[in-house]
Amino acid sequence: MPGFVLLVRPRGDEDPTMRVGITVSKKIGGAVVRNRMKRRFRELARAVLPAHGIAGADHVLIGRSGGIERPYARLQDELERALKKLAR
């Protein structure tokens, strides 16, 4: 099971800009844990979305409980695979 849930919704407004939203609920942990996870997700979005994201869509990453312990490289691989799967 991946460390996040990815939601992608095309906006349909002819603007090619990719927007990103990140959410981590209190069920995941305290503020320190949630903020750490959000920082990791922001960096993932900066690294992966320009190459693999869908233009003109909103991308939302929802943190899951196993995501904070996962190595960064594994999260990056999971996000790239999910975006490639959506692009098909």
Side-chain angles (χ1 to χ4, degrees):
M1 180 177 296
F4 57 86
V5 174
L6 175 66
L7 302 176
V8 178
R9 183 181 153 267
R11 290 190 310 274
D13 61 0
E14 306 303 322
D15 182 10
T17 306
M18 289 181 269
R19 297 191 305 190
V20 179
I22 298 169
T23 182
V24 181
S25 74
K26 287 186 179 182
K27 287 191 253 181
I28 303 303
V32 173
V33 172
R34 291 193 318 270
N35 287 331
R36 180 172 179 236
M37 185 175 257
K38 286 189 244 183
R39 283 193 306 270
R40 294 179 88 198
F41 283 165
R42 276 193 294 272
E43 186 55 36
L44 274 174
R46 281 188 201 107
V48 175
L49 285 183
H52 301 288
I54 298 170
D58 294 333
H59 301 73
V60 179
L61 288 165
I62 303 170
R64 297 192 65 131
S65 60
I68 198 68
E69 295 90 17
R70 275 190 178 25
Y72 179 81
R74 185 168 174 197
L75 285 173
Q76 186 172 1
D77 182 54
E78 290 171 351
L79 182 58
E80 287 173 2
R81 280 190 284 133
L83 288 168
K84 286 177 186 175
K85 191 173 183 179
L86 283 172
R88 284 189 240 148

_Those residues that, when tested against I54, pass side chain to side chain contact (heavy atoms under 4.5 Å, CB included) (two or more places apart)_ = V8, A57, H59, L86
*Kindly write out the residues that satisfy salt bridge (Lys or Arg N to Asp or Glu O under 4.0 Å) with E80, not counting sequence neighbours, or none if the list is empty.*
none
_To the nearest 0.5 Å, what is the distance between CG on L44 and CG on L61?_
7.5 Å
*asked:* Would you say Y72 ends up clustered with I22 if hydrophobic residues are merged whenever their side chains have heavy atoms under 4.5 Å apart, either directly or through other cluster members?
replied: yes
*With sequence neighbours left out, what residues match R19 under side-chain hydrogen bond (donor to acceptor under 3.5 Å, both in side chains)?*
D58
_With side-chain contact (heavy atoms from CB on, under 4.5 Å) as the criterion, how do R11 and T17 come out once you've worked through the C-alpha distance, each side chain's angles and the decisive distance to 0.1 Å?_
CA-CA 10 Å; R11 290 190 310 274; T17 306; 4.1 Å; yes
*Spell out, yes or no, whether V33 and L75 are grouped together once hydrophobic residues are joined by side-chain heavy atoms under 4.5 Å, including indirect joins.*
yes
*In chain order, what residues pass the side-chain hydrogen bond (donor to acceptor under 3.5 Å, both in side chains) check against R81, with sequence neighbours excluded?*
D77
*asked:* Ignoring hydrogens, what is the shortest heavy-atom contact between V24 and F41? Give both atom names and the distance.
replied: CG2-CE1, 4.4 Å
*Who are the side chain to side chain contact (heavy atoms under 4.5 Å, CB included) partners of A82, not counting sequence neighbours?*
L6
*Can you pull the side-chain hydrogen bond (donor to acceptor under 3.5 Å, both in side chains) pairs that have at least one residue in residues 24-41, sequence neighbours excluded?*
none
*Going only through I, L, V, M, F, W and Y residues with side-chain contacts under 4.5 Å, is there a path from V20 to L83?*
yes
*Provide the closest heavy-atom pair for R64 versus M37 in the form atom of the first, atom of the second, distance.*
O-CE, 3.2 Å
*Mind checking the OG1-CZ spacing from T23 to F4? Nearest 0.5 Å is all I need.*
14.5 Å
*asked:* According to salt bridge (Lys or Arg N to Asp or Glu O under 4.0 Å), who are the partners of R42, at least two apart in sequence or on a separate chain?
replied: none
